[in-house]
Amino acid sequence: MTNPFMERAIELAVQNVRSGRGGPFGAVVVRDRRIVAEGTNVVTSVNDPTAHAEIVAIRAACSALKTFRLDDCEIFSTCEPCPMCLGAIYWARLQAVSFGGTAADASAAGFDDAFIYKQIAAPIAERSIPFRQIMRDETLGAFREWAQKPDRVRY
């Protein structure tokens, strides 16, 4: 079964590889059966490790729709989202995710994010990058300020 939105995401991914701008990943954000934003992986061309196709598409959709919530949108991605993109998808409140390749497919092509899932599951003291909590009491002041702000925008 074909899908025009996934077809477009695939087209973007292939064009991205051919152009040399980045990896073989494409994504489109759709609202009311219309593409509102597109994205490709441009990590290496813009030197931004967060510039995955889904993140680029989510940022463009939020900008185009002038909102940080995409709860009336869905995303089509050429690959199962990595942990970072999965987090962004949940923060953006997208209503659905359709993807082509699996994490295992990406790993076979040299894009392995399994180690990140292991790091997330590991206790803080056992992570490969040292994590340390400092100045907690001092930082809680910012949370108290936020909690008391009557015009705060909840997300």
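Remember, predicted model here, so these are calculated numbers, not experimental data. Just so you know, residue 1 is the first one in the sequence shown, and it goes up from there.
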Could you tell me the separation between the [atom1] atom of [X] and the [atom2] atom of [Y], rounded to the nearest 0.5 Å?
X	Y	atom1	atom2	value
Ser45	Asn16	OG	CG	7.0 Å
Met84	Thr50	CE	OG1	5.5 Å
Ser128	Ile116	OG	CD1	10.0 Å
Arg144	Thr139	CZ	OG1	8.5 Å
Ile55	Cys82	CD1	SG	7.0 Å

Does a side-chain heavy-atom distance below 4.5 Å link [X] with [Y]?
X	Y	value
Val36	Arg34	yes
Phe25	His52	no
Ile89	Ser77	no
Asp113	Pro83	yes

In terms of hydrophobic clustering (I, L, V, M, F, W, Y; side-chain heavy atoms under 4.5 Å; direct or indirect links), are [X] and [Y] co-clustered?
X	Y	answer
Phe99	Ile10	no
Ile120	Ile124	no
Val29	Val97	yes

Counting distance only, does the side-chain N/O of [X] pair as donor-acceptor with the main-chain N or O of [Y] below 3.5 Å?
X	Y	value
Glu74	Val30	no
Asn41	Ala53	no
Arg127	Gln119	yes
Arg31	Asp72	no
Arg93	Trp91	yes
Asp105	Thr102	yes
Thr78	Gly26	yes

Please name the pair of heavy atoms, one in [X] and one in [Y], separated by the smallest distance, quoted to 0.1 Å.
X	Y	result
Val28	Ala9	CG1-N, 4.3 Å
Arg154	Arg152	NH2-NH2, 2.7 Å
Cys79	Glu54	O-OE2, 3.6 Å
Ala57	Ala27	CB-O, 3.9 Å
Gly39	Leu12	O-CD1, 4.2 Å
Glu38	Ala60	O-CB, 4.2 Å

Test Arg69 against Asp71 for salt bridge (Lys or Arg N to Asp or Glu O under 4.0 Å), laying out the working first. CA-CA 6 Å; Arg69 292 186 64 125; Asp71 39 16; 3.2 Å; yes
Would you call the rings of Phe5 and Phe76 parallel, tilted or perpendicular if under 30° counts as parallel and over 60° as perpendicular? tilted
For Ile75 and Cys85, what are the C-alpha separation, side-chain angles and deciding distance, and is it a side chain to side chain contact (heavy atoms under 4.5 Å, CB included)? CA-CA 11 Å; Ile75 192 166; Cys85 294; over 6 Å; no
